[in-house]
Amino acid sequence: MTPKPFSQPPSSSVHVFDPCLTINSGQMFLWEKIGQYWYGTYGNHILKFSESGVKDDSNNEENIEFSSLPEYNRWQYDVFRLDDDINKILSDFSRDILVSEAIRLYPGLRIMRQQPEQCMLSFVCASNTNILMIRRMLKNLSRKFGAKLELDGREFFTFPTAERINRADDNELRSCGLGYRTKSIKNMAKNIVSGEIDIKYLKSTNYHNAKKDLMRVYGIGNKIADCILLFSLEKLEAFPIDVWIARTLFYHYGWQTKDMKEPKRNKKLSTNQYNILSETAREYFGKYSGYAQQYLYYHIRESAHKNW
DNA sequence: GTACAGGCAGTAT
DNA sequence: ATACTGCCTGTA
């Protein structure tokens with residue numbers, strides 16, 4: 001399975017991030033727009049920014065108003081990854097036709113940096129379900145186990161800590177709509193509290209070590225581990241492969257592993273197939289493969305008129 | 001009623 | 001290594 005060579009020259013245009021587009025891309029679950037403001041749950045913080053100013057003066061984000069509760073100074077640098085050199089990252093793989101098309105259509109799309117504990121507890125709920133359902137589960141969890149904060153005369157709930165989830169009653173968790181994921185989130189929380197899952201270590205070690213460590217937890221498989229690594233543990237080479245990405249790798253890139261005749265439905269990727277495709281993607285897209293995945297994912301979902 | 005939605009673990013071959 | 005199966009919940 002040799003990757004096709006790049007077939008387009010690198011793009012040299014300037015890229016400016018678009019927070020709204022980024023939030024809408026399905027990587028973040030607990031953000032909502034109320035009036036002209038976006039509000040997001042980030043661990044024990046509620047983050048807020050104004051939408052106005054993004055479109056009119058797209059060359060700087062100075063006139064976007066950012067705030068938070070409790071105070072988190074300049075959170076946008078962490079959360080919107082303004083520390084990334086986006087032009088360098090995009091030029092790393094923008095010669096690929098499909099990704100460069102996605103970059104042209106959605107130049108403001110980015111990856112957001114999530115709070116690791118929240119990210120782990122969130123994505124462990126994301127198996128075999130859709131984004132609407134994930135949102136519902138996480139909202140229910142926050143309402144039930146998070147702390148209530150008042151902002152702009154409205155109630156918000158922070159995301160529950162692992163410690164709180166760990167001592168939550170199974171039936172209470174289940175009543176949030178988790179179903180069989182109850183066991184998974186409970187195990188995730190337990191592993192975080194006990195220190196079996198050590199966020200500092202996961203951040204500092206390399207991609208493969210961190211992934212191996214994460215996948216020891218009940219409920220964390222290949223895909224969910226990659227999401228956690230990409231969105232919260234600084235592993236930009238992580239390339240999560242869901243059914244959509246798998247179909248794209250098959251139909252567009254022609255990267256079929258043995259027996260992957262038609263990944264239409266029922267045909268789930270085996271662990272081995274996942275690993276082969278994942279490695280192939282990293283070789284092809286480079287050390288920022290996660291960004292390429294995000295552009296691909298958004299593009300193919302939009303083309304399919306999927307609702308978020 | 002049936003099919004499907006951004007997987008994973010357990011078991012059998 | 002791969003194939004098959006069950007699984008909560010909600011919607012079309």
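Both backbone and side-chain heavy atoms feed into the values below; hydrogens, waters and symmetry mates do not.
- Looking at heavy-atom distances under 4.0 Å, A:I245 makes no contact with the nucleic acid at all.
- Within a 6.0 Å sphere centred on CZ of A:R143, heavy atoms belonging to other residues, nucleotides or ligands number 12 at most.
- Atoms NZ (A:K183) and P (B:dG10) sit 6 Å apart, rounded to a whole Å.
- Taking atom P in both C:dG6 and B:dT2, the straight-line distance is 14 Å, to the nearest Å.
- A distance of about 16 Å separates the P atoms of C:dT5 and B:dC4, rounded to the whole Å.
- Ring geometry for A:F231 against A:F123 counts as parallel: the plane angle stays under 30°, on a 0 to 90° scale with 60° as the upper cut.
- Between A:L173 and A:F145 there is a side-chain heavy-atom pair separated by less than 4.5 Å.
- One interatomic measurement links the two molecules: CD of A:Q294 to P of B:dG6, which rounds to 14 Å at whole-angstrom precision.
- Rounded to whole Å, the distance from CG on A:N222 to P on C:dA1 is 14 Å.
- Separating the C1' atom of B:dA3 from that of C:dC7 is a span of 16 Å, rounded to the nearest Å.
- Distance A:M137 CE to C:dT9 P: 10 Å, rounded to the nearest Å.
- One atom, CH2 of A:W244, and another, P of B:dG7, lie 11 Å apart when rounded to the nearest Å.
- Pair check for B:dA5 finds C:dT9; Watson-Crick or G-U wobble, both atom distances under 3.5 Å.
- Following rounding to the nearest Å, A:Y274 (OH) and B:dA9 (C1') show an atom-to-atom distance of 17 Å.
- Here the nucleotide nearest the side chain of A:R247, chosen from B:dG7, C:dC8, B:dA5, is B:dA5.
- Below the 3.5 angstrom threshold, one finds no donor paired with an acceptor across the side chain of A:K223 and the base of B:dG7.
- The side chain of A:R136 contributes an N or O atom lying less than 4.0 Å from OP1 or OP2 of C:dT11.
- In this structure, A:V124 reaches neither bases nor backbone, as no heavy-atom distance under 4.0 Å exists between it and the strands shown.
- In terms of polar N and O atoms assigned as donor or acceptor, the side chain of A:Y180 comes within less than 3.5 Å of the base of B:dG7 in a complementary pairing.
- Rounded to whole Å, the separation between the P atoms of B:dT11 and C:dC8 comes to 15 Å.
- Linking Ile, Leu, Val, Met, Phe, Trp and Tyr whenever their side-chain heavy atoms come within less than 4.5 Å puts A:W244 and A:L269 in one cluster.
- A cation-pi contact, defined as under 6.0 Å to the ring centre and within 45° of the axis, links A:K48 to A:Y37.
- Between A:S270 and C:dT2 there is a side-chain polar atom (N or O) within less than 4.0 angstrom of OP1 or OP2.
- For the pair A:F123 and A:Y218, nearest-nucleotide mapping onto DNA chain B gives the more 5' position to A:F123.
- With rounding to whole Å, A:R181 atom CZ is found 11 Å from B:dG6 atom C1'.
- Side-chain contact check for A:Y39 and A:D152: at least one donor-acceptor pair (N or O, by modelled atom type) lies under 3.5 Å.
- Nearest nucleotide to the side chain of A:I224, out of B:dG6, B:dC8, C:dC8: B:dC8.
- To the nearest angstrom, C1' of B:dG7 lies 17 Å from CG of A:N272.
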